[in-house]
Protein chains: 2
Amino acid sequence: MPASDPAPKISPHRTKGRPRSFDREAALEQALKVFWEKGFAPASIAELCTAMGINPPSLYAAFGNKAQLFLEAVGHYERVFWDETWDAMDGEPDVRRAITTFFAEATAILTKPEAPCGCIVVLGAINVPAEARDVADALKALRDEGRRLFLERLRRGVVDGQLPADTNVEAVANTLNTLLQGMSIEASDGASRAQLDQVADCATALLAKR
Amino acid sequence: MPASDPAPKISPHRTKGRPRSFDREAALEQALKVFWEKGFAPASIAELCTAMGINPPSLYAAFGNKAQLFLEAVGHYERVFWDETWDAMDGEPDVRRAITTFFAEATAILTKPEAPCGCIVVLGAINVPAEARDVADALKALRDEGRRLFLERLRRGVVDGQLPADTNVEAVANTLNTLLQGMSIEASDGASRAQLDQVADCATALLAKR
DNA sequence: ACATATATGTAGCGATCGCTACGGAAAGTC
DNA sequence: GACTTTCCGTAGCGATCGCTACATATATGT
């Protein structure tokens with residue numbers, strides 16, 4: 001994600017005071033990397049700071065606290081890695097092709113070798129301490145959004161006459177979302193791309209013509 | 001510390017020395033409860049000790065350390081909650097009914113209201129600190145065992161002529177295991193039993209006759 | 001130049017972590 | 001009884017946690 005500002009890549013500041021000496025977005029991406037590999041709780045502020053090339057006070061001044069930094073990193077992750085894939089599912093007119101393409105893309109994302117495996121939305125805030133409940137809740141809401149998107153797309157498939165009118169769209173949407181989440185666990189367990197592709201194929205088979 | 005055992009439920013000891021003053025298995029079950037609710041890392045020794053009704057030295061003398069206690073608790077969990085269900089899958093002669101029954105049982109287990117939701121094998125050791133890698137690896141091996149069991153059962157279904165010879169048993173086994181793991185996340189997210197039943201139905205639909 | 005405002009690095013706060021040293025208590029053995 | 005062995009509760013170890021007080025550095029506004 002090159003911001004591609006010829007002029008200062010460091011965000012311009014309009015107010016008084018010493019300007020920030022680091023690239024906020026670059027630091028955020030480094031933080032994402034750490035959170036992605038380790039999860040919310042095991043990623044320590046010290047390690048985040050090292051990766052971001054800053055010290056704790058700068059981190060807290062720029063991002064609030066660990067939880068806010070995490071949530072902002074997750075938002076960045078979603079935008080960079082998933083928004084396009086979800087949008088494509090809505091853009092593809094044929095519902096079966098839409099789902100097939102989505103899961104093919106998902107397996108590619110989840111097994112990207114240059115990235116930690118698994119989706120940070122699914123795995124990042126599991127087993128967080130009780131005082132970080134709000135972080136877990138925020139990610140849960142994001143996971144639920146996936147089910148909603150599947151559901152809407154399937155409903156449109158029924159309206160468009162591409163799926164049988166008696167299709168249990170809620171059940172299928174539930175199942176697709178459940179599969180997607182299970183795929184993150186498999187990916188973090190080191191599943192191969194071929195292995196996840198098999199799962200993706202079975203996912204699309206749920207919509208097979210009868 | 002009232003032992004209050006008429007007959008010693010406490011394991012008999014043959015050697016010299018002061019006998020253990022608590023019920024090891026009861027303590028293990030309490031530990032399981034804590035680990036199940038919180039996961040490995042967020043469950044502190046202090047909290048475990050409170051739940052088990054003992055002090056740290058007793059815990060370490062009886063169970064080794066936190067990781068060993070966790071793994072022993074997980075073993076107990078598997079035996080109590082899942083062994084019977086897996087065995088039933090092998091015992092049922094019809095492969096479709098075997099899978100259907102398995103997933104029906106699984107939804108029941110995963111949404112048991114008196115138990116923490118989700119499977120500790122799937123969720124318990126996600127996001128553990130790096131120094132507990134061995135715990136994560138042990139649970140990963142247990143998860144893989146599920147895929148193996150599905151695979152064996154499906155292969156038998158092909159041999160028995162109940163499934164088409166060209167069934168991609170590896171793919172289906174992969175998918176069933178992935179679904180099962182996703183169901184744990186959904187359960188811990190508070191999914192209703194009805195919701196998971198829908199997923200279970202879709203799982204069995206993967207084996208629908210063609 | 002001076003005041004104001006924000007960011008920075010150092011250094012360390014209080015709290016919690018997993019774990020254990022220690023001395024006393026409760027059993028078997030003689 | 002004394003000796004040995006094991007377990008008990010207390011109390012606290014060193015390490016790490018998220019986070020911040022503080023003094024200093026660097027910008028703008030006038």
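In the text below, chain A, chain B and the rest are named by the order of the sequence lines, each starting its count at 1.
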message: Students often get this wrong, so: under 4.0 angstrom with heavy atoms, is A:Ala67 touching a base, only sugar-phosphate, or nothing?
response: nothing

task: Taking only Lys NZ, Arg NE, NH1 and NH2, and the carboxylate oxygens of Asp or Glu, determine whether A:Glu72 and A:Arg24 approach each other closer than 4.0 Å.
output: yes

5′-ward residue of the pair A:Pro56/A:Ser44 relative to DNA chain D: A:Ser44

- prompt: Looking at B:Ser58, does any N or O in its side chain come under 4.0 Å of the phosphate oxygens OP1/OP2 on D:dC8?
  reply: yes

field: Electrostatic pair A:Glu170:A:Arg155 at N-O distance under 4.0 angstrom
entry: yes

query: For B:Ala132, which contact category applies under a 4.0 Å heavy-atom criterion: base, sugar-phosphate, or nothing?
result: nothing

task: Respond yes when some side-chain nitrogen or oxygen of B:Lys16 is under 4.0 Å from OP1 or OP2 of C:dT29, and no when none is.
output: no

- prompt: The side chain of A:Pro57 lies closest to which of these nucleotides: C:dG18, D:dA21, D:dC19?
  reply: D:dA21

query: B:Tyr60 has an atom OH; how far is it from atom P of C:dC17, in whole Å?
result: 11 Å

- prompt: Is any side-chain nitrogen or oxygen of B:Ser21 closer than 4.0 Å to OP1 or OP2 of D:dC7?
  reply: no

More than 12 heavy atoms of other groups within 6.0 Å of A:Glu152 CD: yes

- request: Round to a whole Å and report the spacing from CZ of A:Arg24 to P of C:dT8.
  value: 12 Å

message: Whether A:Glu145 and A:Arg148 form a salt bridge (side-chain N of Lys/Arg under 4.0 Å from carboxylate O of Asp/Glu) is what I want to check.
response: yes

query: Would you call B:Asp137 and B:Lys140 a salt bridge, taking side-chain N to carboxylate O under 4.0 Å as the test?
result: no

- line: When rounded to whole Å, the CD1 to P distance for the pair A:Ile45 and C:dG12 reads 20 Å

query: Whole Å only: how far is the CZ atom of A:Phe63 from the P atom of C:dA7?
result: 12 Å

Atom pair distance, as rounded to whole Å: NZ in A:Lys66 and P in C:dA15: 19 Å

task: Report yes or no: is there a donor-acceptor pair, N or O only, under 3.5 Å between the side chain of A:Arg18 and the base of D:dA25?
output: yes

- prompt: Rounding to a whole Å, what distance do you find between B:Asn55:CG and C:dG24:P?
  reply: 18 Å

field: Between P of D:dT10 and CG of B:Leu59, the distance in whole Å
entry: 16 Å

message: What is the distance, to the nearest angstrom, from the CZ atom on B:Arg20 to the P atom on D:dT6?
response: 12 Å

